[in-house]
Amino acid sequence: MEIQEKIKKEIIQVFEDEFNYKCSIDNINIDQTPKNFDGLYTLILFPHLKYLKENLSEVGKKIGDALNNKSAIISRYNQVKGFLNFDIKTEYLLDVFKSILNQKKLEKVSKKTKEIIVEFSSPNTNKPLHLGHLRNIFLGDSISKIYEALGYKVHKVQIINDRGIHICKSMLAWRKFGEGKTPNSQKLKGDKFVGDFYVKFEKELKKETKKLCVKGLSEEDALKQSKLMLEVKSYLKKWESGDEEILKLWKKMNNWVYDGFEKTYKSLNVEFDKNYYESSTYLLGKKNVDQGLSKKIFYKEKDNSVWIDLTKENYDKKLLIRSDGTSVYMTQDIGTAIKRFEDYPKSEKQIYTVGNEQDYHFKVLFKILDKLGYSWAKECYHLSYGMIDLPDGKMKSREGTVVDADELITLMKETAKNRTVELGKLDDFDSKDQERLYNIIALSALKYHLLKVDPRKRILFNPEESIDFQGNTGPFIQYTYARIQSILKRGKMLNIDFKSLNFDNVKKLSVNEKRIIDLILKHRNNLIKSAETYSPSILCNYVYNLSKTYNSFYQEEKIFDGKNNETTSFKIALSDITSSIIRESLNTLGMDVVNKM
RNA sequence: GGUUCCGUAGCUCAACUGGAUAGAGCAACUGCCUUCUAAGCAGUAGGUUGAAGGUUCGAGUCCUUCCGGAAUCACCA
């Protein structure tokens with residue numbers, strides 16, 4: 001980027017000197033030269049042609065020659081039609097590289113002055129986490145880390161959906177069919193244990209309604225008359241009225257679930273700073289709705305239900321309080337949002353990581369918060385992502401057609417293990433290192449697989465086809481990193497001190513070396529772009545590109561050629577910086593690195 | 001039906017916000033391990049960017065209309 005800006009400035013000068021044409025910097029576009037053309041950067045002449053008043057080839061020649069004479073950056077040029085391709089001076093690239101080498105250490109001291117809140121995961125407490133949650137968690141975790149890398153203090157939070165009809169279903173099924181079993185007695189993870197009873201409930205319910213349907217009832221009526229449904233609803237009522245026995249059961253089962261979630265989060269290497277529980281925030285929103293009522297932002301219907309009319313803003317009318325006085329999801333979200341900004345008052349914005357099925361909900365929520373007068377409402381952002389499809393359609397937890405998170409992780413670890421053994425790479429690992437290796441490889445394969453896709457797009461996941469470990473994958477990037485570590489190790493053994501390198505003796509850079517330096521310079525911009533667009537996928541692409549370019553370089557040019565001169569040192573220095581950028585990138589994607597594999 | 005999003009190689013994804021001959025990976029085929037890790041590198045093949053119009057020097061990208069898919073529009077969460 002820095003290079004692009006400098007080229008732009010030089011070109012403005014040339015436009016003025018040679019053509020008497022004043023052009024603003026925003027109107028100049030410097031692109032990366034495509035691979036099959038010679039050069040690193042390209043100026044597109046077309047947009048300027050009408051101001052330059054000469055024909056294309058003359059314009060190109062004039063600009064190119066002028067730059068050849070004056071430029072501190074450009075070493076030579078070539079013209080293809082309306083495109084002017086530039087090569088960059090070796091001295092200049094080395095200069096820039098040197099400054100990175102020096103500045104690298106200073107960077108980490110930067111203070112964290114800005115704050116944001118990031119919400120992600122936010123599960124229901126009636127079932128274990130599945131592949132859909134994984135996409136959510138990886139996205140939220142990575143976005144948090146990207147902002148942290150940019151100097152933000154990030155508050156990672158989730159809202160736990162711990163109350164409602166769904167958990168009552170599990171509770172009822174456990175009472176009816178559980179026979180006093182516990183996760184301990186069954187040697188089952190707590191979330192799995194509770195989830196099984198949820199599925200059991202749905203099964204029994206289906207049986208019952210089917211019978212009623214045979215008797216001639218419609219599906220809807222069957223559901224209404226079903227004894228199980230009536231009983232579940234009585235649980236919900238008892239819960240809301242504070243029935244001690246129900247509350248006790250509710251707490252017990254939720255704790256089983258939390259225990260299970262904790263294990264999953266731990267295996268994913270993901271943590272939260274604070275959990276919000278719906279059971280303790282659902283009343284908060286009501287207070288705010290009352291305030292909105294007195295400000296006439298909301299209105300009351302005859303049946304006492306409370307609404308907001310957003311038809312002027314191109315939305316619908318939206319219910320906020322039911323006629324029986326109970327709150328809905330929207331009410332709770334209003335309360336939770338306000339609470340969070342009270343808890344973290346310095347936060348300038350909040351990012352909600354929630355699936356795209358709730359796009360409309362969040363548009364309305366932010367609109368309401370804005371109308372209530374909260375200045376931060378405009379800074380709230382819904383990080384919306386696409387669903388994960390299986391080959392035969394969407395995952396449905398009610399029907400048990402989900403890919404379980406824990407099972408998938410276990411499977412990935414086994415695959416990592418098998419591959420490692422097949423490749424015969426176990427020689428110098430002790431068993432503890434082995435476990436760590438499998439773990440990191442498996443997680444980076446899985447995380448990268450889900451993060452490399454633009455969040456907005458849906459992902460098709462085929463359980464029959466395993467996630468790749470070759471090509472554009474997490475393990476490929478890990479491999480590149482590990483390779484470099486062994487280069488660095490060897491350099492150390494040979495006592496090559498690349499840090500006190502004299503760059504003046506490096507006369508020539510290969511195309512790959514130039515590309516690597518160029519990519520290194522672009523790291524920060526890619527990080528910023530990832531943050532601005534809320535897309536870790538940009539960072540994935542970037543670090544893949546860097547790894548791929550490095551591997552080409554690695555394969556084509558020997559680093560240790562026996563001479564141990566400045567060229568050797570330079571190549572080690574280049575490798576060192578590359579590896580630290582790979583490590584930082586992987587870290588911001590939520591992954592650890594391995595030194596050998 | 002209204003609104004929003006998506007459609008790119010057989011498959012999974014890119015394409016710097018309007019630039020060159022649309023790029024990678026997987027799968028297929030051909031080479032490369034007695035010097036730094038072959039989970040790699042180099043190469044071959046694979047495309048009417050869902051369709052048709054329009055805007056201009058120039059369109060996968062912008063506008064219109066179709067076709068196909070998804071989400072949402074509940075006193076559900």
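The chains referred to below are lettered A, B, ... by the order of the sequence lines, with proteins before strands, and numbering in each begins at 1. These numbers were taken from a predicted model, which means no experiment stands behind them.
Note on A:D309 versus A:K318: no salt bridge recorded, every NZ/NE/NH1/NH2 to OD/OE distance being 4.0 Å or above. Salt bridge annotation for A:E435-A:K413: absent, with no cationic side-chain nitrogen under 4.0 angstrom from a carboxylate oxygen. Residues A:E5 and A:K8 are paired through a salt bridge, judged by an N-O separation under 4.0 Å between the basic side chain and the carboxylate. By the 4.0 Å N-to-carboxylate-O rule, A:D454 lies close enough to A:R456 to be salt-bridged with it.
A distance of about 9 Å separates the C1' atoms of B:G46 and B:G10, rounded to the whole Å. Between B:U8 and B:A51, the two P atoms lie 10 Å apart (nearest whole Å).
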Polar atom pairs between nucleotides 35-38 of chain B and protein, under 3.5 Å, N or O only, would you list them?
residue, atom, partner, partner atom, Å
B:U35, N3, A:K558, NZ, 3.2
B:U35, O4, A:K558, NZ, 2.1
B:C36, O4', A:R490, NH1, 3.0
B:C36, O2, A:F560, N, 3.3
B:C36, N3, A:I559, N, 3.2
B:C36, N4, A:Y554, O, 2.5
B:C36, N4, A:E557, O, 3.0
B:U37, OP1, A:S486, OG, 2.3
B:U37, O2', A:Y479, OH, 2.2
B:U37, O2', A:R483, NE, 2.9
B:U37, O2, A:K425, NZ, 2.8
B:U37, O2, A:M597, O, 3.1
B:U37, N3, A:M597, O, 2.8
B:U37, O4, A:M597, N, 3.1
B:A38, OP2, A:R483, NH2, 2.5

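Look at B:U17: its glycosidic torsion is within 90° of 0, and that puts it in the syn range. In this structure, B:C33 is classed as syn because its glycosidic torsion stays within 90° of zero.
Between A:G491 and A:I572, the closest heavy-atom pair is CA-CD1, 4.2 Å. For the residue pair A:F476 and A:S547, the shortest heavy atom distance occurs at CE2-CB, 3.7 Å.
Judged by atom type and distance alone, A:D333 does not reach the base of B:A77 through any side-chain donor-acceptor pair under 3.5 Å. Contact of A:T42 with B:A20 (side chain to base): a donor-acceptor pair of N or O atoms is detected under 3.5 Å.
The CD1 atom of A:I520 sits 6.0 Å away from the CD1 atom of A:I577 when rounded to the nearest 0.5 Å. Between atom OH of residue A:Y544 and atom OG1 of residue A:T473 there is a gap of 8.5 Å, rounded to the nearest 0.5 Å.
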Side chains of residues 359-367 of chain A: which donor-acceptor partners sit under 3.5 Å, not counting sequence neighbours?
residue, atom, partner, partner atom, Å
A:D359, OD1, A:S384, OG, 2.8
A:Y360, OH, A:D316, N, 3.0
A:Y360, OH, A:D316, OD2, 3.4
A:H361, NE2, A:D333, OD2, 2.7

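Backbone-only engagement by A:Y360 is indicated by non-hydrogen atom pairs under 4.0 Å involving sugar-phosphate atoms exclusively. Contact annotation for A:Q478: no contact, since no heavy-atom pair falls under 4.0 Å across all strands. Counting non-hydrogen atoms under 4.0 angstrom, A:I165 reaches nothing in the nucleic acid. Counting non-hydrogen atoms under 4.0 angstrom, A:N85 reaches a base of the nucleic acid. Backbone-only engagement by A:N161 is indicated by non-hydrogen atom pairs under 4.0 Å involving sugar-phosphate atoms exclusively. Residue A:D359 is out of contact with every strand shown, counting any heavy-atom pair closer than 4.0 Å. At the heavy-atom level, A:T420 lies under 4.0 Å from base atoms of the strands shown.
Lacking a ring centre under 5.5 Å from that of the base six-membered ring together with a plane angle below 30°, A:F469 does not count as stacked on B:A39. For the pair A:F46 and B:G58, the ring geometry does not qualify as stacking, because the centroid separation below 5.5 Å and plane angle under 30° are not jointly satisfied.
Nearest-nucleotide positions on RNA chain B place A:N472 closer to the 5' end than the other of A:N472 and A:R322. Heavy-atom distances to RNA chain B give each of A:L437 and A:K81 a nearest nucleotide, and the one nearer the 5′ end belongs to A:K81.
Going from atom CZ of A:F476 over to atom P of B:A24 covers 13 Å, rounded to whole Å.
The phosphate of B:C5 (OP1 or OP2) has no side-chain N or O of A:R458 nearer than 4.0 angstrom. Distances shown here put a side-chain N or O of A:S552 below 4.0 Å from the OP1 or OP2 atom of B:A42. For B:U72, neither phosphate oxygen OP1 nor OP2 lies less than 4.0 angstrom from any side-chain nitrogen or oxygen of A:K363.
Nucleotide B:C16 has no partner under the Watson-Crick or G-U criteria, as no pair reaches both atom distances under 3.5 Å. Nucleotide B:U3 has B:A71 as its partner under the Watson-Crick or G-U criteria, with both atom distances under 3.5 Å.
No hydrogens or angles considered: nothing links the side chains of A:N418 and A:T415 as a donor-acceptor pair under 3.5 Å.
Applying a 4.0 Å cut-off to non-hydrogen atoms, none of the residues of residues 442-449 of chain A approaches RNA chain B.
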